[in-house]
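One structure below.
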Number of protein chains: 2
Amino acid sequence: MTADAKTAGAGAAHPASPPLTERQEARRRRILHASAQLASRGGFDAVQMREVAESSSVALGTLYRYFPSKVHLLVATMQDQLQHMHTTLRKHPPAGETPAERVAETLMRAFRALQREPHLADAMVRALTFADRSVSPEVDTVSRLTTAIVLDAMGLEGQPTAAQLSAVRVIEHTWHSALITWLSGRASIAQVKIDIEMVCRLIDLTVPDPA
Amino acid sequence: MTADAKTAGAGAAHPASPPLTERQEARRRRILHASAQLASRGGFDAVQMREVAESSSVALGTLYRYFPSKVHLLVATMQDQLQHMHTTLRKHPPAGETPAERVAETLMRAFRALQREPHLADAMVRALTFADRSVSPEVDTVSRLTTAIVLDAMGLEGQPTAAQLSAVRVIEHTWHSALITWLSGRASIAQVKIDIEMVCRLIDLTVPDPA
DNA sequence: AACAAGTCTGAAACTTGTTCTACATTACCG
DNA sequence: CGGTAATGTAGAACAAGTTTCAGACTTGTT
C-alpha cells in the first residue's frame, strides 16, 4: 500500500532518475508494449501481470521492480500513448477559429483515436481513475501532459490566467469522466461530443473577446 | 464477468423487483450498514467481502446473492447515502440567487459532508468510476439521483432544455473527477471549490437572463 | 402437517494481484 | 581477471475477490 522510494530501477516520467542501461530500457519497452497489446485485446481485465511478464520475456519479480503495481503499469502505458498523441498533434495542430473550437477539435480527435482501440482506452482510463495515492506522481504526470495538450490547442499568447487553468482542469475532468461513461456504455459517442463542446465553451468565459 | 439476470433475490434501486420478505430486507440493510461502516474506517480496500459478510451475520454466498460484486455493493451503498442527502437537501434547499449559485452551494454542501467521511467517500467514488458494464444499471441510478439533486438546486420552471441537461452532465463529470483528484491528494479542497464554481458558470450560459 | 422450491450457511476451491526466497547473471571497480 | 553489489529468474506462497457445493432452513402450497 505504501509507495516508498524503493530501490526500483525504473523511474516515472522524467527519463533520467537512475540511468537505465540499454537492456533495461529495452525491457521496459517490451513490458509497455506487451501491456498495450494485452489491453487492446480485452481491456483492464485482460492485462494480467503474469501474462505481461511472459509476453515481455521478463520474470514476474522483474516486472514488479519496473512497475510496482498493475495500475502503475497501465498509467505508464497511458503516459506513453499520450506522448505519441502530443507529438502527432504538434505536427497537425487544430484549425478552429477560437480557442474553444480548437480545444474541442483536439479532444474529439483524441476521442476518435480512442474509439479505434476501445479496450486499450478502457484499461488506461480505468487505471487512471482507480489509482490511489501511491500512484499520484505518475497520474500527475499524465495530468500535466493532458494540460499541456489542451493549452497548446488554446494557442494562448502569454501565461494562462488562474481562471483559464481552472477551466482547463474542468475540461480535463469532463474529458475523463465522459470517457468513463462512454466506455461503460452509459453514454453515446454523440453525447460525449456534445458534452465536450459544452465544456469547451467555458474557455470563452475566460478569454476576453480578442477582436 | 457477465451480468445476466441471475436468480438473485435482491434487486437494484427500484424497491420492487422481487418482493423482498422482511428478513431479507433486514439482511440487505445489515449488509449495507456493514459496508458503510467498514468503508468509513479504511476506504475501498477496507471493505473486504468476507468481513462484510461476517459483520452483517450473513454467509459469503448470501452476500454475493444480494450484491454480485464488491463494486455492486459499494455502488448500492452510494445510492443509499445519496438518498439521504437528497431528502436532507429537500428540507433545506440552497439559498443562492441564481441557479449557478444554488448548484454550487449544493455541491459544496455535499462536498463538506464527504469531507467528514473521506474514507467512505473514497470507497464510493472509486467504486463508481471503476464500475464496468455489468454495473451500468446501478451506476445509472446513481447518476439519475445526482441529476435530480442538481436539477432541484437549479429550481427551473419547466422541463430542462437539452443544453441544460448537457450542462448538468458536465457538472456531474466535474464533480466526480474533482472528487477523485481530491481523494488521491492531487488537488486541494480549495481547488475543488474553484473548479466547482467554475463549471457551474456553464449554467448561466444555458439559462436566458431572467430579469 | 407434509412437500417442493427457493434461500441461506459453512467451507473449500479457484483466480489473479502481490510478495518472498534462493539462486543465477550482469555490471562495475580495483 | 576476481569480487561484489545490484539486477534478473523461477517458482512458491499469500491475500482478497469470486465461485461452487452439499446440506440445513424457510416459505408457500395443498
Side-chain angles (χ1 to χ4, degrees), chain A residues 1-11 17-28 30-31 35 38-39 42-75 123 126-127 130-132 134-135, chain B residues 1-11 17-28 30-31 35 38-39 42-75 123 126-127 130-132 134-135:
Chain A
M1 291 302 166
T2 64
D4 313 282
K6 303 205 169 190
T7 28
S17 302
L20 289 220
T21 76
E22 202 161 321
R23 310 185 55 187
Q24 288 176 322
E25 193 52 54
R27 269 193 207 98
R28 184 163 196 283
R30 283 208 306 281
I31 293 172
S35 166
L38 288 172
F44 188 89
D45 293 330
V47 180
Q48 302 193 354
M49 299 305 268
R50 288 176 232 271
E51 282 207 42
V52 173
E54 186 166 359
S55 289
S56 48
S57 308
V58 134
L60 191 54
T62 305
L63 171 53
Y64 272 94
R65 180 193 290 272
Y66 280 71
F67 301 97
S69 80
K70 173 169 171 171
V71 169
H72 281 85
L73 171 57
L74 285 172
V75 171
R126 295 259 295 286
F130 191 57
D132 67 3
S134 72
V135 204
Chain B
M1 294 298 166
T2 64
D4 313 283
K6 304 204 166 188
T7 28
S17 301
L20 289 222
T21 76
E22 203 161 318
R23 312 185 55 187
Q24 288 176 322
E25 193 50 54
R27 268 193 208 100
R28 184 164 197 283
R30 283 208 307 281
I31 293 172
S35 167
L38 288 172
F44 189 90
D45 294 329
V47 180
Q48 301 195 355
M49 298 305 268
R50 288 170 172 84
E51 281 207 44
V52 173
E54 186 166 359
S55 289
S56 48
S57 308
V58 134
L60 191 54
T62 306
L63 172 52
Y64 272 96
R65 179 192 291 275
Y66 280 71
F67 302 97
S69 81
K70 173 170 172 171
V71 169
H72 281 84
L73 170 58
L74 285 173
V75 171
R126 296 259 296 285
F130 190 59
D132 66 3
S134 72
V135 204

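Order of the sequence lines fixes the chain letters, A, B, ..., with proteins taken first and strands second; residue numbering starts at 1 for each chain.
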* To do: Would you classify B/Ser69 as touching base, sugar-phosphate or nothing, given that sugar-phosphate means primed atoms plus P, OP1 and OP2, and contacts are heavy atoms under 4.0 Å?
  =>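 Counting heavy atoms under 4.0 Å across all strands, the contact made by B/Ser69 is with sugar-phosphate only.
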
* Asked: Quick one: is C/dC8 close enough that its OP1 or OP2 comes under 4.0 Å of any side-chain N or O from B/Tyr66?
  ->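 For B/Tyr66, the contact criterion (side-chain N or O under 4.0 Å from OP1 or OP2 of C/dC8) is met.
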
* **Side-chain N or O of B/Gln24 closer than 4.0 Å to phosphate OP1/OP2 of D/dT26** =>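 So the side chain of B/Gln24 is outside the cut-off, no N or O lying under 4.0 Å from OP1 or OP2 of D/dT26.
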
Output the rounded distance in Å from [atom1] ([X]) to [atom2] ([N]).
X        : N      : atom1 : atom2 : value
B/Glu22  : D/dT27 : CD    : C1'   : 14 Å
A/Leu38  : C/dT16 : CG    : P     : 13 Å
A/Asp132 : C/dT18 : CG    : C1'   : 14 Å
A/Leu74  : C/dG17 : CG    : C1'   : 12 Å
A/Arg30  : D/dG8  : CZ    : P     : 10 Å
A/His72  : C/dG17 : NE2   : C1'   : 14 Å
A/Arg65  : D/dT7  : CZ    : P     : 5 Å
B/Phe67  : D/dT18 : CZ    : C1'   : 16 Å

* Distance under 6.0 Å and angle within 45° of ring axis: B/Lys70 vs B/Phe130 ->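 The answer is no; the distance or angle limit is not met.
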
Can you confirm whether [X] sits close enough to [Y] that some side-chain heavy atom of one is under 4.5 Å from a side-chain heavy atom of the other?
X        : Y       : result
A/Tyr66  : A/His72 : no
A/Arg126 : A/Leu74 : no
B/Tyr64  : B/Met49 : yes

* To do: Of all the heavy-atom pairs spanning B/Ala53 and B/Ala59, show the shortest one and how long it is.
  =>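 That would be CB-C, 4.3 Å.
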
* 5' priority, DNA chain D, between B/Arg23 and B/Val71 [closest heavy atom] ->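 On the 5' side of the pair lies B/Val71.
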
* Starting at the 5' end of DNA chain D, which residue's closest nucleotide do you reach first, A/Leu60 or A/Leu63? ->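 So the residue in question is A/Leu63.
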
* Under 4.0 Å from any atom of DNA chain C, heavy atoms only: list the residues of residues 48-56 of chain B that qualify, in numerical order. =>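 Under 4.0 Å from DNA chain C: B/Arg50.
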
* For the atom pair CD (A/Gln48) and CD (A/Glu54), what is the distance rounded to the nearest 0.5 Å? ->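 Interatomic distance, A/Gln48 CD to A/Glu54 CD, rounded to 0.5 Å: 11.5 Å.
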
* Atom OG1 in B/Thr21, atom CZ in B/Arg27: separation rounded to 0.5 Å? ->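 CZ of B/Arg27 is found 7.0 Å from OG1 of B/Thr21.
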
* Between D/dG8, C/dT9, C/dG17, which nucleotide has the shortest distance from any of its atoms to the side chain of B/Arg27? ->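 When the side chain of B/Arg27 is considered, C/dT9 is the closest of D/dG8, C/dT9, C/dG17.
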
* Does D/dT7 have a Watson-Crick or wobble mate here (both distances under 3.5 Å), and if so which one? ->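 By the stated definition (distances under 3.5 Å), C/dA24 pairs with D/dT7.
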
